Structures are given as C-alpha cells and as structure tokens.
Amino acid sequence: QVQLVESGGGLVQAGGSLRLSCAASGDTTCISAIGWFRQAPGKEREFVAAMRWSSAYTNYGDFVKGRFTMSGDNAKNTVFLQMNSLKPEDTAVYYCAAGSPGDISISTLYDFWGQGTQVTVSS
C-alpha cells in the first residue's frame with residue numbers, strides 16, 4: 001500500500017509560478033515511477049509530467065514542456081513540479097500517481113493516486 005499526498009496548489013496570476021509537492025509513504029519499494037496528471041471540470045485527464053525513480057528520467061506533456069520542471073528527493077520520497085509561466089488553461093486539479101508503468105505518460109498504468117491539489121490561474 002502506498003499513500004500519496006499533494007500540496008502546493010493555489011491561486012496565481014497568469015505568468016506566475018507555483019511549486020507542487022507529492023510525498024509518498026507506505027511500501028514505496030514497489031514504485032518505479034511517479035507522474036503528474038491534471039483534470040479540469042468537463043475535460044479529460046491530461047498527462048503533465050512523470051519521472052522514473054531509479055534513473056530520474058523525465059517526460060513532459062506537449063503543452064507544458066519548457067514551462068514545467070519535475071524533480072525528486074529520493075531520501076524523502078518526495079517529488080516536485082515547478083510550474084512557471086502559468087496560463088489560465090493550466091487551471092485544474094493536479095494529481096500525483098505512482099506505480100510501475102512501462103510508459104510513464106499513460107495514466108491507466110499507475111496503481112496509486114493522491115487526492116489532488118487545486119491550481120487556479122487567473123488572467
């Protein structure tokens with residue numbers, strides 16, 4: 001069993017920055033990757049970023065590449081998502097997920113999910 005807790009969401013103006021955190025606890029030895037996904041009301045869940053835990057390999061969604069950066073602290077079992085140059089269309093609930101997916105960008109391949117943190121970007 002793995003528990004994930006997101007934090008760091010909030011309200012920012014367009015062009016601003018926000019840093020999200022995802023802390024993992026429980027039996028984290030079964031985790032090979034952690035990903036970030038977002039979902040706005042009435043829209044499909046969207047891949048944001050993900051990282052392979054052992055190699056620190058990262059991948060980003062097309063709409064956030066160049067603006068968002070994912071990093072991890074292995075000692076604390078925590079990952080971060082630094083979001084810069086935020087746009088109103090980035091408004092969504094952001095979720096972290098953990099598991100052992102072959103393709104780290106596919107949400108259905110993850111086993112554990114956090115409760116999400118709200119990010120709202122005003123214009």
Side-chain angles (χ1 to χ4, degrees):
Q1 184 177 343
V2 175
Q3 296 82 43
L4 303 172
V5 179
E6 304 97 332
S7 62
L11 173 64
V12 297
Q13 290 186 318
S17 298
L18 209 58
R19 190 193 192 206
L20 306 184
S21 299
C22 175
S25 61
D27 186 12
T28 58
T29 59
C30 66
I31 298 172
S32 66
I34 297 181
W36 288 98
F37 298 84
R38 68 187 186 187
Q39 188 164 24
K43 296 184 178 180
E44 296 292 324
R45 183 167 50 187
E46 183 179 28
F47 169 67
V48 177
M51 172 184 292
R52 294 198 180 278
W53 202 237
S54 61
S55 66
Y57 167 82
T58 55
N59 192 23
Y60 298 92
D62 291 341
F63 286 97
V64 301
K65 186 183 298 183
R67 298 187 297 126
F68 295 2
T69 302
M70 188 173 179
S71 61
D73 184 340
N74 288 1
K76 297 181 178 180
N77 287 327
T78 301
V79 298
F80 307 95
L81 184 68
Q82 179 67 46
M83 305 187 295
N84 299 323
S85 302
L86 284 164
K87 305 174 182 179
E89 51 263 45
D90 294 319
T91 296
V93 177
Y94 284 69
Y95 299 90
C96 64
S100 300
D103 185 334
I104 59 175
S105 70
I106 301 177
S107 63
T108 54
L109 299 182
Y110 288 82
D111 300 309
F112 309 101
W113 291 82
Q115 294 300 307
T117 184
Q118 177 71 48
V119 172
T120 302
V121 184
S122 64
S123 59

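Everything numeric in this text was worked out from a predicted model, so none of it was measured.
Identified under the disulfide bond (SG atoms under 2.5 Å apart) test for residues 57-86, with sequence neighbours left out: none. The list of ring-ring contact (aromatic ring centres under 6.0 Å, His included) pairs with a residue in residues 6-40, not counting sequence neighbours, reads Phe37-Phe47, Phe37-Tyr110, Phe37-Trp113.
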Quiz prompt | side-chain contact (heavy atoms from CB on, under 4.5 Å) evaluation trace for Thr91 with Gln118 | solution = CA-CA 8 Å; Thr91 296; Gln118 177 71 48; 4.0 Å; yes
Self-check item: Residue pair Glu46, Phe63: steps toward the side-chain contact (heavy atoms from CB on, under 4.5 Å) verdict
Solution: CA-CA 10 Å; Glu46 183 179 28; Phe63 286 97; 3.7 Å; yes
Quiz item: Going through the distances and angles, do Arg38 and Val119 end up as a side-chain contact (heavy atoms from CB on, under 4.5 Å)?
Solution: CA-CA 9 Å; Arg38 68 187 186 187; Val119 172; over 6 Å; no
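Through side-chain heavy atoms spaced under 4.5 Å, either directly or across other Ile, Leu, Val, Met, Phe, Trp or Tyr residues, Phe80 is tied to no other residue.
Linking Ile, Leu, Val, Met, Phe, Trp and Tyr whenever their side-chain heavy atoms come within less than 4.5 Å leaves Tyr94 and Ile104 in two separate clusters. The same ILVMFWY cluster, assembled from side-chain heavy atoms under 4.5 Å apart, contains both Val64 and Val12. Leu81 and Val121 fall within a single hydrophobic cluster, where Ile, Leu, Val, Met, Phe, Trp and Tyr are joined by side-chain heavy atoms under 4.5 Å apart, directly or via other members.
Formation of a donor-acceptor pair under 3.5 Å by the Ser122 side chain with backbone atoms of Pro88 is not found in this model. Remark: the backbone N or O of Gln115 is paired with a side-chain donor or acceptor of Glu6 at under 3.5 angstrom.
Other residues, nucleotides and ligands place more than 12 heavy atoms under 6.0 Å from the CZ atom of Phe112.
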List the atom pairs, donor and acceptor, that lie under 3.5 Å between side-chain atoms in residues 18-30 and the rest of the protein, sequence neighbours left out.
unit_1, atom_1, unit_2, atom_2, d
Ser25, OG, Gln3, OE1, 3.3
Asp27, OD1, Thr29, OG1, 2.6

Could you tabulate the donor-acceptor pairs under 3.5 Å formed by side-chain atoms of residues 52-61, not counting sequence neighbours?
unit_1, atom_1, unit_2, atom_2, d
Arg52, NH1, Pro101, O, 3.4
Arg52, NH2, Gly102, O, 2.6
Ser55, OG, Tyr57, N, 3.3
Tyr60, OH, Met70, N, 2.8

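The two residues Gly99 and Asp111 have their closest heavy-atom pair at CA-OD2, 4.0 Å. Taking each heavy atom of Leu86 and Met83 in turn, the nearest pair found is CD2-CB, 3.8 Å.
Every side-chain hydrogen bond (donor to acceptor under 3.5 Å, both in side chains) that Asn84 has, sequence neighbours left out, goes to Ser17, Gln82.
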